[in-house]
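Below is one structure, written out as structure tokens, with a few remarks after it.
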Amino acid sequence: MKCYDCPRMCGVDRENTKGFCGEKSKIRVAKIIENFMWEEPYVSGQKGTLAIFFSGCSLRCDFCQNFEISHIGKGDEYLPTEFAELLKSFDYSKFESVDFITPTHFSSALCEALSIFKPPVPVVWNTSGYERTETLEKLSPFVDVFLFDLKFFSSELSKRLAKAGNYFSVASKAVKFAVDAKPNIIENDIMKQGVIVRHLVLPGEVKDSFKILDFLADCEKPVISLMQQFTPTGRGEKNRKLTPLEFKAVLAHAEKLGLTQGFYQTEGCADQSFIPKF
Ligand code: SF4
């Protein structure tokens, strides 16, 4: 069957061929970390999430911090039925949620798996936001929380750093779809349903961040999470860390717009995540 899971719309038969995402049709899991604490508190809570990192990526940014997983690809392969069995094998009393990290390019297969077994904790769809609304509609019955990292506003920037000139026009529709489909339900500081929009501020791109925040302010003010953890990887054009002044400017803009429901990373997070409430 031809693949149109993501906005790349390759139309390749993934039984035989890899698309732009670098993956064939079987679900490939690069890594699973139990009780993972480094997501937003609404996702990690006290017990941590069951983090499932998928191999490959449909966006493939130059500066990717998970290059080995997203660009090179690795891990164990599963048919949807096998992945459902894998999901069944965990004790969910130990986790606040299940965190599917970069799953977009396995959307069809994951819909099939989740229709066999949906974990009894919130299922978090943690992606770049580069998503087709048609695909999100299919996922909607099985996903509780959409956690999107809204990356770029400028099409010139997204083309340069991720070969996706249509990034913002696509991702902004995905955010609007998710906000309509999943009104926030937060119980005991855990998001049972809803939308969190992350934004990783890029060095030298503060104005792009302002425009993303302007959009979010017009978009029913979803829960936001501002990140300053950008770490140069030695690949691509971004070869320095973010300065404290750049991040402060973005934080101040968010506050000016009334975007205060959410989280931001404190200084010194370029190597690890720590995300207190605003
Ligand atoms: S999921 Fe992969 S193969 Fe399918 S359209 Fe996207 S990049 Fe192409």
Side-chain angles (χ1 to χ4, degrees), residues 1-31 51-84 86-87 98-116 123-143 146-152 155 157-178 181 235-236:
M1 205 162 71
K2 291 181 175 180
C3 180
Y4 298 103
D5 272 6
C6 88
R8 299 285 182 189
M9 303 278 280
C10 302
V12 295
D13 177 0
R14 285 172 61 186
E15 288 301 321
N16 307 309
T17 317
K18 291 176 182 174
F20 183 92
C21 56
E23 290 294 321
K24 288 193 171 176
S25 57
K26 278 192 178 173
I27 299 165
R28 191 145 60 132
V29 175
K31 198 191 288 184
I52 303 178
F53 296 77
F54 294 93
S55 176
C57 180
S58 51
L59 193 58
R60 296 163 75 93
C61 303
D62 279 1
F63 53 86
C64 182
Q65 320 273 293
N66 285 328
F67 187 84
E68 231 185 277
I69 296 174
S70 62
H71 284 62
I72 297 172
K74 62 180 204 179
D76 298 328
E77 292 185 327
Y78 299 86
L79 290 168
T81 47
E82 294 167 339
F83 188 75
L86 174 73
L87 287 179
V98 183
D99 186 16
F100 283 10
I101 301 173
T102 321
T104 304
H105 49 296
F106 294 118
S107 294
S108 295
L110 289 172
C111 273
E112 208 180 319
L114 287 167
S115 70
I116 299 167
V123 173
V124 180
W125 193 256
N126 179 348
T127 81
S128 66
Y130 194 51
E131 302 270 10
R132 297 184 67 204
T133 51
E134 294 85 347
T135 302
L136 295 182
E137 254 175 67
K138 287 183 206 152
L139 285 163
S140 202
F142 310 112
V143 168
F146 286 109
L147 170 53
F148 292 146
D149 181 1
L150 196 55
K151 289 173 178 288
F152 318 103
S155 56
L157 186 66
S158 60
K159 194 172 175 183
R160 233 171 54 227
L161 300 185
K163 299 180 189 68
N166 65 348
Y167 174 84
F168 184 78
S169 67
V170 167
S172 56
K173 283 189 195 115
V175 170
K176 283 183 181 162
F177 172 88
R235 291 178 298 275

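For ligands, and for the atoms within them, numbers begin at 1 and follow the listed sequence.
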Please give me the protein atoms (N, O or S only) lying under 2.8 Å from atom 2 (Fe) of ligand 1, ordered by chain and number. C21 SG

Name the orientation class of the two ring planes belonging to F83 and F54 (parallel below 30°, tilted from 30 to 60°, perpendicular beyond 60°). tilted

Hey, what do you get for CG (L59) to CD (E131), rounding to the nearest 0.5 Å? 10.0 Å

As a test of understanding, state which of R28, R60, K18 forms a salt bridge (Lys or Arg N to Asp or Glu O under 4.0 Å) with E23. R28

Closest heavy-atom contact between W125 and S107? CZ2-OG, 3.4 Å

Can you list the atoms of ligand 1 that are under 4.0 Å from a heavy atom of M9? 5 (S)

With sequence neighbours left out, write down each residue that passes side-chain contact (heavy atoms from CB on, under 4.5 Å) with E68, or none if nothing qualifies. I72, K74

Against the six-membered ring of F67, is R235 placed for a cation-pi contact (under 6.0 Å from the centre, within 45° of the normal)? yes

